[in-house]
Amino acid sequence: MNSKLKTSRNKTDNCNNGVEASHKIYLRYQSLSVDKVKQTHRTGYHFQPPKNWINGPLYYKGLYHLFYQYNPKGAVWGNIVWAHSVSKDLINWESLEPAIYPSKWFDNYGCWSGSATILPNGEPVIFYTGIVDGNNRQIQNYAVPANSSDPYLREWVKPDDNPIVYPDPTVNASAFRDPTTAWRVGGHWRILIGSKKRDRGIAYLYRSLDFKKWFKAKHPLHSVQGTGMWECPDFFPVSLSSEEGLETSVGGSNVRHVLKVSLDLTRYEYYTIGTYDEKKDRYYPDEALVDGWAGLRYDYGNFYASKTFFDPSKNRRILWGWANESDSVQQDMNKGWAGIQLIPRRVWLDPSGKQLLQWPVAELEKLRSHNVQLRNQKLYQGYHVEVKGITAAQADVDVTFSFPSLDKAEPFDPQWAKLDALDVCAQKGSKAQGGLGPFGLLTLASEKLEEFTPVFFRVFKAADKHKVLLCSDARSSSLGEGLYKPPFAGFVDVDLTDKKLTLRSLIDHSVVESFGAGGRTVITSRVYPIIAVFDKAHLFVFNNGSETITVESLNAWSMKVPVMNVPVKS
């Protein structure tokens, strides 16, 4: 992956001698040391390095390894290395020295994103993108452990036969990055590399017999006109009959495949579910799915550069995403850090086969401490009821809402079908009175509601069915200046026969991750309140619709702080 932009509004296209890139490089700041780290909006239980700016996870010999893009010298993008932390449970982390950093001619200008693969003999290999010159020319390299018997994988070696993949003359050499985890069909290994040709997004396919000599296939695995550069592609199988994850090389009639790409033009991701033809090495998305900007997303909020990996210890596939900051570069420098890893999520195929489902890994529940509950709490129109007795700035909230009827659902304007869900959320926010909704949570709220981040449902009646909108709206999140405070939203494909909707929100000082209807729609917001911080933060349930809502059950837990990046003892 290339530099992470603050938001799409800061996007630039730098053209230099025909080489295209989309960096936001701050030469004055990228090596400016951080003397003091401000804690006000720093998360308590999300993964963050101790300071400064925040690739391919794997499970090896009883340890989870997280490799991530990191600037050890400053709080903005630049000086990127592959930082390395390890965990036994995905929650408590120990830090190691960087696994990969610029040191060879084939990566002297940068070590960018990539992936890890476990070979049949049990040994790991890292593929990564190296930058070889000032024109941003990109090639693919590999690294191996210096001592594969060390479960911590403390030291990595870049063999002298690097690089393993060059861009040929038909490939845009400055848009050729982020190799995937490899999979094997027959005797050949395959990897994908993200790219573009003009405005067509491309997943180039490469094959190898020995994992060292790679040859470009005659055609890409998949490409889509009008989507722009594909960063951080991910390609993996999912089971049709089980929630268990599958190793990346698994195929067969009981398997579908998922292709996810990160869109450099929009700074969000989309995925499709489809069929992988192993003989033709082609991927065919299901015809009913949108294959483009309006496609399905893992997360309809602040979520990018995600990567999945297979966890053999629990037979699950885990999704990990990254959230950038929504404040200014100067504010990042002032607080001394930028960027967080979101909570790892288990991911599997919905029984309908139409989408993926996501849920926070079960290990997170070990951090739950004091618990409060609400049962059968009525929420009449205009009501907001405080959930007291927990640390509202650092909490895990799981709630089931019920309603007696769908009759008061507002009509769904046919014109909205042409809009993104967030545009509907912007028009129909949490304060606008409705019929069936808006109802949900007011997170990171000040006592008098000068600041709050609402996460809420709104139900509409369309011509043929009801449509459920889930919103996480940052517009009222802070009285601070210079912040990006968007409304994020997604429609929820859920059966309302039982007249219930569930919501789980992970609240952590400056981030709110929300899982609607059992993980069918997920939204992450980054927010920066100036009043609702620490013990001044409050949590409410609310309803601004004319239909009475019942909080059938609510469980809220204060969350403990895990061990975070304590150095591994030698």
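Heavy-atom basis, side chains included; hydrogens, waters and symmetry copies ignored.
Between Tyr300 and Ala489, the shortest heavy-atom distance links the atoms CB-O, 3.5 Å. Closest non-hydrogen pair, Leu342 versus Ala323, comes out as CD2-CB, 3.9 Å. Closest of all the heavy-atom pairs between Glu269 and Ser262 is OE2-OG, 2.6 Å. For the residue pair Ala463 and Lys461, the shortest heavy atom distance occurs at O-NZ, 4.0 Å.
Put simply, the residue from Phe401, Phe542, Phe540 that forms a ring pair (Phe, Tyr, Trp, His ring centres under 6.0 Å) with Phe439 is Phe401. Among Leu483, Thr453, Val511, the single residue meeting the side-chain contact (heavy atoms from CB on, under 4.5 Å) criterion with Arg526 is Val511.
Distance check: Leu259 CG to Thr272 OG1 gives 5.0 Å after rounding to the nearest 0.5 Å. Summarising the geometry, atom CG belonging to Leu554 is positioned 9.0 Å from atom CG belonging to Asn371; distances are rounded to the nearest 0.5 Å. To the nearest 0.5 angstrom, Ser369 atom OG is 8.0 Å from Met559 atom CE. Note that CH2 of Trp230 is 12.5 Å distant from CG of Leu265, once rounded to the nearest 0.5 Å. Note: Trp557 CH2 to Arg368 CZ = 3.5 Å, rounded to the nearest 0.5 Å. The structure places OG of Ser223 at 13.0 Å from OH of Tyr283, a figure rounded to the nearest 0.5 Å.
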Check the pair Glu410, Lys428 against side-chain contact (heavy atoms from CB on, under 4.5 Å), reporting the backbone distance first and the verdict last. CA-CA 11 Å; Glu410 302 166 79; Lys428 296 281 189 176; 3.2 Å; yes
The test is side-chain hydrogen bond (donor to acceptor under 3.5 Å, both in side chains); show your working for Asn334 and Gln330 and say whether it passes. CA-CA 6 Å; Asn334 290 343; Gln330 186 61 54; 3.1 Å; yes
Using side-chain contact (heavy atoms from CB on, under 4.5 Å), reason through Val290 and Leu296 one step at a time and then give a plain yes or no. CA-CA 7 Å; Val290 176; Leu296 293 167; over 6 Å; no
Passes side-chain hydrogen bond (donor to acceptor under 3.5 Å, both in side chains), Lys378 versus Thr548? Steps please. CA-CA 7 Å; Lys378 298 292 185 183; Thr548 299; over 6 Å; no
CA sep, side-chain torsions, deciding dist, call: Val261, Tyr270, side-chain contact (heavy atoms from CB on, under 4.5 Å): CA-CA 6 Å; Val261 294; Tyr270 84 91; 3.6 Å; yes
Candidate pair Tyr45 and Lys560, rule side-chain contact (heavy atoms from CB on, under 4.5 Å), full reasoning: CA-CA 7 Å; Tyr45 61 93; Lys560 295 178 289 187; over 6 Å; no
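Within 6.0 Å of atom NZ in Lys536, 12 or fewer heavy atoms from other residues, nucleotides or ligands are found, so the atom counts as exposed in its surroundings. Around atom OH of Tyr380, no more than 12 heavy atoms belonging to other residues, nucleotides or ligands sit under 6.0 Å away. At most 12 non-hydrogen atoms from other residues, nucleotides or ligands lie less than 6.0 angstrom from NZ of Lys354. Residue Gln225 qualifies as enclosed at atom CD: its count of foreign heavy atoms under 6.0 Å is above 12. Counting non-hydrogen atoms of neighbouring residues, nucleotides and ligands closer than 6.0 angstrom, the OH atom of Tyr383 reaches no more than 12 such neighbours. Heavy-atom neighbours of Glu447 CD from other residues, nucleotides or ligands within 6.0 Å: at or below the threshold of 12.
Salt bridge annotation for Arg267-Glu231: present, with a cationic side-chain nitrogen under 4.0 angstrom from a carboxylate oxygen. The pair Asp299-Arg345 meets the salt-bridge criterion, with a side-chain N (NZ, NE, NH1 or NH2) lying under 4.0 Å from an Asp/Glu carboxylate O. Taking a cutoff of 4.0 Å between a charged side-chain nitrogen and a carboxylate oxygen, Arg297 and Asp420 qualify as a salt bridge. A salt bridge does not link Asp264 to Lys196: none of the charged nitrogens lies less than 4.0 Å from a carboxylate oxygen.
Using modelled atom types, one finds no donor on one side chain facing an acceptor on the other under 3.5 Å when comparing Thr400 with Glu552. Side-chain contact annotation: Ser525 with Ser472, donor-acceptor N/O pair under 3.5 Å present. Side-chain atoms of His509 and Gln394 include a donor-acceptor pair closer than 3.5 Å. Inspection of the His46 and Glu513 side chains reveals an N or O donor paired with an N or O acceptor under 3.5 Å. At a cut-off of 3.5 Å, with distance as the only test, a side-chain donor of Asp291 or His222 sits close to an acceptor on the other residue. There is a side-chain donor-acceptor pair under 3.5 Å between Thr308 and Asp234.
Between Phe460 and Trp416, the ring centre distance stays below 6.0 Å.
Under a 3.5 Å cut-off, the side chain of Glu363 and the backbone N or O of Leu90 do not form any donor-acceptor pair. Side chain of Trp320 to main chain of Ser306: no donor-acceptor pair is present (N/O by atom type, distance under 3.5 Å, no hydrogens or angles). Within the 3.5 Å criterion, the main-chain N or O of Ala175 finds a donor-acceptor partner in the side chain of Ser195. Formation of a donor-acceptor pair under 3.5 Å by the Asn324 side chain with backbone atoms of Asn302 is not found in this model. Proximity of a side-chain donor or acceptor of Thr524 to a complementary backbone N or O of Gly301 within less than 3.5 Å is not detected. With Gln358 contributing its side chain and Tyr298 its backbone, the two residues share a donor-acceptor pair below 3.5 Å. With His466 contributing its side chain and Val459 its backbone, the two residues share no donor-acceptor pair below 3.5 Å. The backbone N or O of Leu356 sits less than 3.5 Å from a side-chain atom of Tyr271, completing a donor-acceptor pair. Side-chain atoms of Ser174 never come within 3.5 Å of backbone atoms of Asn136 as a donor-acceptor pair (strictly under, hydrogens ignored).
Checked against side chain to side chain contact (heavy atoms under 4.5 Å, CB included), Gln433 has the following partners two or more places apart in sequence or in another chain: Gln381.
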